Amino acid sequence: MRRRGRRVPEEGRGGASGKLGGSMEGRSGDRLWMSMSLEIAASAPVTTIATIGVHEGQTVTLRGWLYNLRASGKLLFPIFRDGSGTIQGIVPKAAVPEALFESLKNLTLESSVIVTGKVRADARAPSGFELDVVDLEVVQRVDDAHPFPITLKEHGVDFLMEHRHLWIRTPRQSAILRVRATIMRAAAEYFDTNGFTRTDPPILTPAACEGTSELFEMDYFDEKAYLTQSGQLYIESTALALGKVYSFGPTFRAEKSKTRRHLTEFWMIEPEVAFCGLDELMELAENFIAHIVQSVLKQHRGDLKVIGRDVTKLETIQAPFPKISYDEAHRMLEEAFSKGLIESKHTYGDDFGSPDETYLSNQFNRPVMVHRYPAAVKAFYMEPDAADPTKALCVDVLAPEGYGEIIGGSQRVDSYDLLRQRILDHNLPLAAFEWYLDLRRYGSVPHSGFGMGIERAVAWICGLDHVRETIPFARTLNRIYP
RNA sequence: UCCUGAGUAGCUCAAUGGCAGAGCAUUCGGCUGUUAACCGAAGGGUUGUAGGUUCGAGUCCUACCUCAGGAGCCA
C-alpha cells in the first residue's frame, strides 16, 4: 500500500480534509476540462463494481474509495473499492487532463472518490474488467499526516481488532460480512417458508435459563436483571401458543472463555416445535443447515474465493447427515485412543471435550449428529429417553473440519412432576420457574427445539480460524473497543 | 480460574550480557502494464511498567500490566 508524491503547496489543497470536489478545483486553464467532465459524469450511469460487467464498453460512474495505488512512471494504476468489490483503473498521463493525473497521483489511500471511466474487459485483470478513468472527484482526501493504518501487509491480531472499524474495509473482511448476512437471511428464510412464526424473547431476563453459565448482571431499577443467555424457555411458551416458532437475536455469556470459538455476545437462531420428538428435530436441523450452506454456495462463489474457502468441502453438505448415539461416539473415541489418534482417553459418562469433538467431526464429510447423551451431563429441561432413562433425548450437531458444536437441541420435559423435580434437583429457584411450569399445567405436549450459534456457523462455512472475524464487532473476554 | 507463549520504529519482526537493525509504511527522486509493483535516498526508538543483579541489561532475576493460544464451560 503506498502513496506517491506530495501535493504542491501553492495549490492549497494538501490535506484538504472534508473539502468536496477536489479534482474540480483546477485553475482557470482547466475550465474547459471541468465542464466537459461534468457532462460526462452527469450522463454516465452510476453502477457498482460487482455488476460492472454488464456495462462493458460503456462509460460509467462508481462511488467508493481508493483502495490501492501503483504507478509506473507516467502510468497510474489506482484500485477502487465500493463495498461490492474492487476494480483497477488505468490512467496514462498522456490520455487525461494534467489536473486529473496530478490529483490522482498524490491521492492518499482510502480517500473517498466518485470516479467515471470506460469499462474494458482485460485478461490481465483478476476480475476480468478494468476502468479507463476519464474523471475523478475527490469527496474527502485522507490527510497526509494520518495515513490509513491498515496496510496490505501482515498485521497482528491486537492491532487489527483495535482498528476493527477500519479493518472491515478490506476485501476479505467485507466478503465475510456479506456471507454472514446471507447465512442469517437463509436461516430465517428456512423457517419463514416452512410455517414458523418468529417470536423473539426478551433480552432482559429475571433469572438464568439454565443456571449453569455465568450471566451478565445489571441493575433493573431496584431489582437485579440479567442479559439473556438463551430464549429457549420463552419460545417454549410461544410454541405452545403458535405451534412452530423461532427466535433470532443476540445472546450473552459471561463465561471467561478465551478460545477461537467463544464470544461474550453472539447471535443465536432457535426454533421450537410443538408435538415434535427428537427424530423429527434432527430432520429439521439437517435440512436447515443444508439450506443455509446451499444458499451461500449459490450466492457467494466470488466472496468464498476472496476468503480462500475450499468450496468442495461445502458442496457435500446435503441432507441426510450421519447420526450416531453417544454410546457409538464413545466407542469411536475409545478406538481412536487405542490407536494413538487422540491424546486423552474419554471416560464413559462424561461430556465430550473439544479435542473429542474435533476428532469425531473429522471422521465425516458432513456435519455429524450425536444424540442421546447421559442425562447427568445435560440440562435439566431435557426429556429422558423412554428406552434408557439415564440418557437424554438431545442432539449436538458437530460441524466438519474440526469446527465443533454449532447446534445443541433436545426434546423438552413435558411432565409437570418430572420438571418440578429436576428444578429442585438442580437447586434452581422454583419461584422463578412457576411460569415455565405453567406450560406443563395447561395442555402440555411433547415439544423440541434447538439453537444454532450464527458465528460458529459462519466460521465453519467461511473456513475461518476464529469467530472474531465473523461478526462486525466481536465482544470477547479482553475486548469491548471499538 | 489454571497452563503455555509473546511484548523492541506507525506495522510485521531481528539483535551470543558488549555501538538498537531489516522489510513494509511515511517523505524525496526514477520508471508507460503494475498485480502486497519495482529501483535509489532520507527521517523515524524512554526496547510494556517498576525494582534488582552486573564494569555493562532489549537480553539474566522478581513483581505487575497487556495480548495471544489452549483447558474447563459452552453455541
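All chains are named by letter (A, B, ...) in the order of the sequence lines, taking the proteins before the strands, and each is independently numbered beginning at 1. Not measured: the values here are computed from a predicted model.
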Within the 4.0 Å heavy-atom criterion, would you say A:Ile407 contacts the bases, only the backbone, or no part of the nucleic acid?
sugar-phosphate
Between B:U49 and B:C65, how many Å separate the two C1' atoms, rounded to a whole number?
7 Å
Check the phosphate of B:A71 against A:Arg261, side-chain N and O only, distance under 4.0 Å to OP1 or OP2. Yes or no?
yes
Residue pair A:Ile90/A:Met268 against RNA chain B: nearer the 5' end by closest nucleotide is A:Ile90
Whole angstrom is fine here: how far is it from CD in A:Glu110 over to P in B:G10?
22 Å
Within less than 4.0 Å of OP1 or OP2 of B:G69, is there a side-chain N or O belonging to A:His466?
yes
Centroid distance under 5.5 Å and plane angle under 30°, A:Phe266 vs B:A75:
yes
Tell me yes or no: between the side chains of A:Ser354 and A:Arg261, is some donor less than 3.5 Å from an acceptor?
yes
Rounded to the nearest angstrom, tell me the gap between atom CG in A:Asn68 and atom C1' in B:C24.
13 Å
For A:Gly83, is there any backbone N or O sitting under 3.5 Å from a side-chain donor or acceptor partner on A:Arg178?
yes
Reckon A:Ala125 touches a base, only the sugar-phosphate, or nothing at all at heavy-atom distances under 4.0 Å?
nothing
When we call it a touch if two heavy atoms are under 4.0 Å apart, what does A:Ile454 touch: a base, just sugar-phosphate, or nothing?
nothing
Checking only heavy atoms, does the side chain of A:Arg70 share a donor-acceptor pair with the base of B:C31 at less than 3.5 Å?
no
Find the distance A:Arg479:CZ to B:A68:C1' and express it as a whole number of Å.
12 Å
Which is true for A:Arg120 with a 4.0 Å heavy-atom rule: it touches a base, it touches only sugar-phosphate, or it touches nothing?
base
So what does A:Ser354 hit on the nucleic acid, given a heavy-atom distance under 4.0 Å: a base, only sugar-phosphate, or nothing?
base
Just N and O in the side chain of A:Lys153: are any of them under 4.0 Å from OP1 or OP2 of B:U12?
no
Please work out if A:Pro355 contacts a base, only the sugar-phosphate, or nothing of the nucleic acid, heavy-atom cut-off 4.0 Å.
sugar-phosphate
Length of the CG-C1' vector between A:Leu69 and B:U34, whole Å
11 Å
Is there a side-chain contact between A:Asn478 and the phosphate of B:A68, meaning an N or O under 4.0 Å from OP1 or OP2?
yes
Quickly work out the A:Phe352 CZ to B:A75 P distance and round it to whole Å.
15 Å
Work out how far the C1' atom of B:G29 is from that of B:G17, and round it to whole angstrom.
43 Å
Side-chain H-bond candidate by donor/acceptor type, A:Asp327 with A:Ser325, under 3.5 Å:
no
Within the 4.0 Å heavy-atom criterion, would you say A:Glu265 contacts the bases, only the backbone, or no part of the nucleic acid?
nothing
Measuring from A:His371:NE2 to A:Asp385:CG, what's the distance to the nearest 0.5 Å?
9.5 Å
Give a yes or no on whether a donor-acceptor pair under 3.5 Å exists between the nucleobase atoms of B:C74, that is its base, and the side chain of A:Ser257.
no
Does A:Glu154 get its side chain close enough to the base of B:G23, under 3.5 Å, for a donor-acceptor pair?
no
Side chain of A:Glu405 (C-beta onward), nearest among B:G33, B:U26, B:A75:
B:A75
At 4.0 Å (heavy atoms only), tell me whether A:Lys258 reaches a base, stays on the sugar-phosphate, or touches nothing.
base
Which nucleotide wins on minimum distance to the side chain of A:His262, given the candidates B:A75, B:U32, B:U1?
B:A75
Could you please spell out the steps behind the side-chain contact (heavy atoms from CB on, under 4.5 Å) verdict for A:Met268 and A:Ser230?
CA-CA 8 Å; A:Met268 192 151 64; A:Ser230 165; 4.1 Å; yes
A:Lys74 or A:Ile406, whichever maps to the more 5' nucleotide of RNA chain B:
A:Lys74
Given B:G69, is OP1 or OP2 found less than 4.0 Å from the side-chain N or O atoms of A:Arg468?
yes
CZ of A:Arg260 versus P of B:G72: gap in Å, rounded?
14 Å
Sort out for me which residue in A:Phe191, A:Phe450, A:Tyr190 forms a ring pair (Phe, Tyr, Trp, His ring centres under 6.0 Å) with A:Tyr246.
A:Phe191
With the side chain defined as heavy atoms from C-beta on, A:Glu357 is closest, among B:G69, B:C74, B:U32, to B:C74
